[in-house]
Amino acid sequence: MQESTLLSIKEFSDFTGINQSTLRYYDEIDLLPAALRGENNYRYYAPFQIIKLNYINVLIDLGVPLSVIKDMDKQRTPENVIDLLRKQEVKLDYKLSELRTAYSIIHTYITNIQNGLMVEDGTVRVEKLEAAHYVLGGLNDFTKNNDTFYEEFIRFCQNANKRRINLRYPVGGYHENIDSFMKSPGRPDRFFSADPLGNSTRPEGNYLVAYNRGYYGEFGDMPQKILDYAQDHDLVFKGPVQIIFVLDEISIPEPGQYLSRFIVGVSQKKQSKTRKPQ
């Protein structure tokens, strides 16, 4: 190869974006030797060496140690390269899965917070909601703790791994029906994780949605407001009641200003037919 077709280390560095000290180190450890040493001992590189350098950089970006890359270079075969790349492919799949989950968690919190900012405290209304997924925890037992739900919440967290519950998602309270909710609003039958890939589904439909300002379990007269609204609008409750805090310690410093969201399915009462007189 003629010297006129080669690039000096400075030119090769400018061309590839890899600094000269790194190129010298790669040469010293025989990972990317210079194509030629000039009479002045200067390093010169062939333009096609950019292909090898790009390959090295890809593996480095994937977390492959230089020592592994160097060993692979010594016994380079198509089969060995495929084996190495497949191992890195598995690791990359895992990282991508983690990133997708992190993105989903962030998106869930953004949606909750934005929702909380768009409503007024005490709002009660009927909304058409899309289907949503979640993961249910086990049944709660408050017979041993008559004051708060914290012991059951701790048990829910301790058993999360067994039930494949991701606690990084928002956690809410779940009542089996409106009667359970009215009996003890602050003591849910279960806890649930708002995991959008969960195995339980809240179907698309009409829901009574209400918002209340206050600390965990402190719902004031909101349960009665929900009941009154349904009666005033001839609504029938159906399905479970879900409670989740859309504004909590993540976004609000004052506990008394947390904002809870209540969701319960509803349908219009069927009007009884009156028989015409004979």
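Although no hydrogens or angles enter the test, the distance criterion places a donor-acceptor pair under 3.5 Å between the side chain of N177 and the main chain of S180. One N or O on the side chain of E11 and one on the backbone of S8 form a donor-acceptor pair closer than 3.5 Å. For T101 (side chain) and S97 (main-chain N/O), a donor-acceptor pair under 3.5 Å exists by modelled atom type. In terms of modelled atom types and a separation under 3.5 Å, the side chain of Q49 and the main chain of A46 share a donor-acceptor contact. No donor-acceptor distance shorter than 3.5 angstrom exists from the side chain of T201 to the backbone of P203, with no hydrogens or angles considered. Checking side-chain atoms of S260 against main-chain N and O of F245 turns up no donor-acceptor pair under 3.5 Å. Checked by atom type and distance alone, the side chain of K70 pairs as donor or acceptor with a backbone atom of I29 at under 3.5 Å. The closest donor-acceptor contact from the side chain of N80 to the backbone of Q75 lies under 3.5 Å. When atom types are taken as modelled, the side chain of E152 and the backbone of N140 share no donor-acceptor pair closer than 3.5 angstrom.
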Which atom pairs, donor and acceptor, lie under 3.5 Å between side-chain atoms of residues 158-173 and protein residues at least two apart or in another chain?
from: N159; atom 1: ND2; to: R155; atom 2: O; distance (Å): 3.2
from: N166; atom 1: OD1; to: R168; atom 2: N; distance (Å): 2.9
from: Y169; atom 1: OH; to: S104; atom 2: OG; distance (Å): 2.8

Can you give me every donor-acceptor pair (side chain of residues 122-131, partner residue at least two apart or in another chain, under 3.5 Å) with its distance?
from: T123; atom 1: OG1; to: E120; atom 2: N; distance (Å): 3.4
from: T123; atom 1: OG1; to: E120; atom 2: O; distance (Å): 2.6
from: R125; atom 1: NE; to: E127; atom 2: OE2; distance (Å): 2.6
from: R125; atom 1: NH2; to: E127; atom 2: OE2; distance (Å): 3.0

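Counted within 6.0 Å of OH on Y25, heavy atoms from surrounding residues, nucleotides or ligands total 12 or fewer; the atom is thus considered open.
A search for side chain to side chain donor-acceptor pair (under 3.5 Å) contacts involving R202 returns nothing, not counting sequence neighbours. The side chain to side chain contact (heavy atoms under 4.5 Å, CB included) check on V58 picks up L62, with sequence neighbours excluded. Looking at residues two or more places apart in sequence or on another chain, you find a salt bridge (charged side-chain N to carboxylate O under 4.0 Å, His left out) between K52 and D73. Under the side chain to side chain donor-acceptor pair (under 3.5 Å) criterion, Q88 pairs with no residue, sequence neighbours left out. Applying the salt bridge (charged side-chain N to carboxylate O under 4.0 Å, His left out) criterion to K87, with sequence neighbours excluded, gives D83. Taking S21 as the reference, N19 meet the side chain to side chain donor-acceptor pair (under 3.5 Å) condition, with sequence neighbours excluded. Qualifying side chain to side chain donor-acceptor pair (under 3.5 Å) partners for N199, counting only residues two or more places apart in sequence or in other chains: none. In this view, D14 and K10 satisfy the salt bridge (charged side-chain N to carboxylate O under 4.0 Å, His left out) rule, not counting sequence neighbours.
Taken together through direct or relayed side-chain contacts under 4.5 Å among Ile, Leu, Val, Met, Phe, Trp and Tyr, V68 and Y55 form part of one hydrophobic cluster. Under a hydrophobic clustering in which Ile, Leu, Val, Met, Phe, Trp and Tyr are joined whenever their side-chain heavy atoms come within less than 4.5 Å, directly or via other members, I110 and M118 fall into different clusters. In terms of hydrophobic clustering, with Ile, Leu, Val, Met, Phe, Trp and Tyr side chains grouped at heavy-atom distances under 4.5 Å, V81 and L66 are assigned to a common cluster. Put simply, L197 and F191 are part of two different groups of oily side chains (I, L, V, M, F, W, Y) that touch within less than 4.5 Å, one to the next. In this structure, V119 is a member of the same hydrophobic cluster as I252, with clusters built from ILVMFWY side-chain heavy atoms closer than 4.5 Å.
Among residue pairs with one or both ends in residues 114-141, those qualifying as ring-ring contact (aromatic ring centres under 6.0 Å, His included) are Y134-F192; sequence neighbours excluded. Within the structure, ring-ring contact (aromatic ring centres under 6.0 Å, His included) pairs that include any residue of residues 65-107 do not occur (at least two apart or interchain).
Between D27 and R43 a salt bridge is recorded (basic side-chain N to carboxylate O distance below 4.0 Å). Taking a cutoff of 4.0 Å between a charged side-chain nitrogen and a carboxylate oxygen, R190 and E176 qualify as a salt bridge.
Looking at heavy atoms from C-beta onward, L53 lies in side-chain contact with F12 at the 4.5 angstrom threshold. Side-chain contact check for S13 versus L23: some heavy-atom pair is nearer than 4.5 Å. Two residues are said to be in side-chain contact when any heavy atoms from C-beta on lie closer than 4.5 Å; L208 and Y229 meet this criterion. When side chains are defined from C-beta on, S267 does not count as touching N206, because their heavy atoms never get closer than 4.5 Å. Using a 4.5 Å cut-off on side-chain heavy atoms (C-beta onward), Y109 and I250 make contact. The shortest side-chain heavy-atom distance between H175 and P188 falls under the 4.5 Å cut-off.
V264 pairs in a side-chain contact (heavy atoms from CB on, under 4.5 Å) with only one of the listed residues (V241, V209, I243), which is V241. Partner F262 forms a ring pair (Phe, Tyr, Trp, His ring centres under 6.0 Å) with one of Y207, F237, F219 and no other, that one being F219.
Taking the six-membered ring where tryptophan is involved, the planes of Y216 and Y258 are tilted, since the angle between them lies from 30° to 60°.
Nearest heavy-atom pair across R100 and D93 is NH2-O, 4.5 Å.
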